[in-house]
Amino acid sequence: MTKGALLYEGKAKKLYETDHADRLIHFFKDDATAFNAQKRGSITDKGVVNNKVSAHLFQLLEGGGVPTHFIERLGDREMLTKRVSIVPIEVVVRNLVAGSLAKRLGLKEGDEIEPPLVEFFYKNDALGDPLITEDHIRLLNLAEPSVVHELKERALQVNTLLLPFFRERGMVLVDFKLEFGLHNGTLILADEISPDTCRFWDQKTRESMDKDRFRKDLGEVEEAYQEVLRRVCGEGRPG
Ligand code: TMP
């Protein structure tokens, strides 16, 4: 597969076309941003961790019956995927109260959410990715009602598959964000699943093992990413 023109550069990834019209190459950068890019930095080897962790989880999910854009990992920082038309809705699943949910509703961080909560955010940087309801999705014509239903069902299926996987690795899957795309009329999981897009807490210490360490200046950010790589893929730099 030959890498073609740069199609798009996002905050954490670059997307390249290939010599195959239906294939894209994702390059995972070390750049880190938070609070809609008001805070910027870099996390050494984050791109390697996010690429390898995402690849591992996409394969796990495919095995569990969730179609994804993943085709193969091409190297430390690159992944070959199907080309999709991204649905501009970020789907967040929450098992424990944290982050914007705690703030918005005054709930206590760490409280369990049963059954898990699904939230939709409008993927729009200029607006700061606002929380939206299904009625807003209809108003903005972001997706058909049947697609919205499927987004929610798929996101909950992903949660059901990931919860035991992380539990077995001493990690609490607090919450995570998914993006989906349409590929030949079928909804498939896209983007990435990584410490940038999930909250993981260590089961014993309850310490954050994800991008919250960067967002909140908690220190040992790179170490946390390497630890996630070790626990998910069984590899990583010696810690
Ligand atoms: P939130 O609590 O800030 O709404 O975040 C919910 C989940 O979504 C959390 O696992 C982090 C992830 N997330 C992203 O992947 N991208 C983002 O831009 C934000 C704000 C959150």
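Each ligand, and each atom within it, is numbered from 1 in the order the structure gives. Not measured: the values here are computed from a predicted model.
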State the atoms of ligand 1, each with its element, that fall below the 4.0 Å cut-off from a heavy-atom position in [X].
| X | result |
| --- | --- |
| D196 | 15 (O) |
| D175 | 7 (C), 9 (C), 10 (O) |
| G99 | 2 (O) |
| F176 | 10 (O) |

Where is the nearest protein heavy atom to [atom]: which residue, which atom, and how far?
| atom | answer |
| --- | --- |
| atom 18 (O) of ligand 1 | D129 OD2, 4.4 Å |
| atom 14 (C) of ligand 1 | K177 CE, 3.6 Å |
| atom 19 (C) of ligand 1 | R215 NH2, 4.5 Å |

query: Is any NZ, NE, NH1 or NH2 atom of the basic residue among E207 and R213 found under 4.0 Å from an Asp or Glu carboxylate oxygen of the other?
result: yes
message: Less than 6.0 angstrom separating the ring centers of H26 and Y16, yes or no?
response: no
- request: Check whether any protein heavy atom sits under 4.0 Å from atom 6 (C) of ligand 1.
  value: yes
field: ring pair (Phe, Tyr, Trp, His ring centres under 6.0 Å) contacts touching residues 167-224 (sequence neighbours left out)
entry: F166-F200
For K13, the option from N51, D191, N50, D196 that meets side chain to side chain donor-acceptor pair (under 3.5 Å): D191
- request: Under the salt bridge (Lys or Arg N to Asp or Glu O under 4.0 Å) rule, collect the residues that match up with K52, sequence neighbours excluded.
  value: D76, E235
message: A side-chain contact here means heavy atoms from C-beta on lying under 4.5 Å apart; do D210 and V174 qualify?
response: no
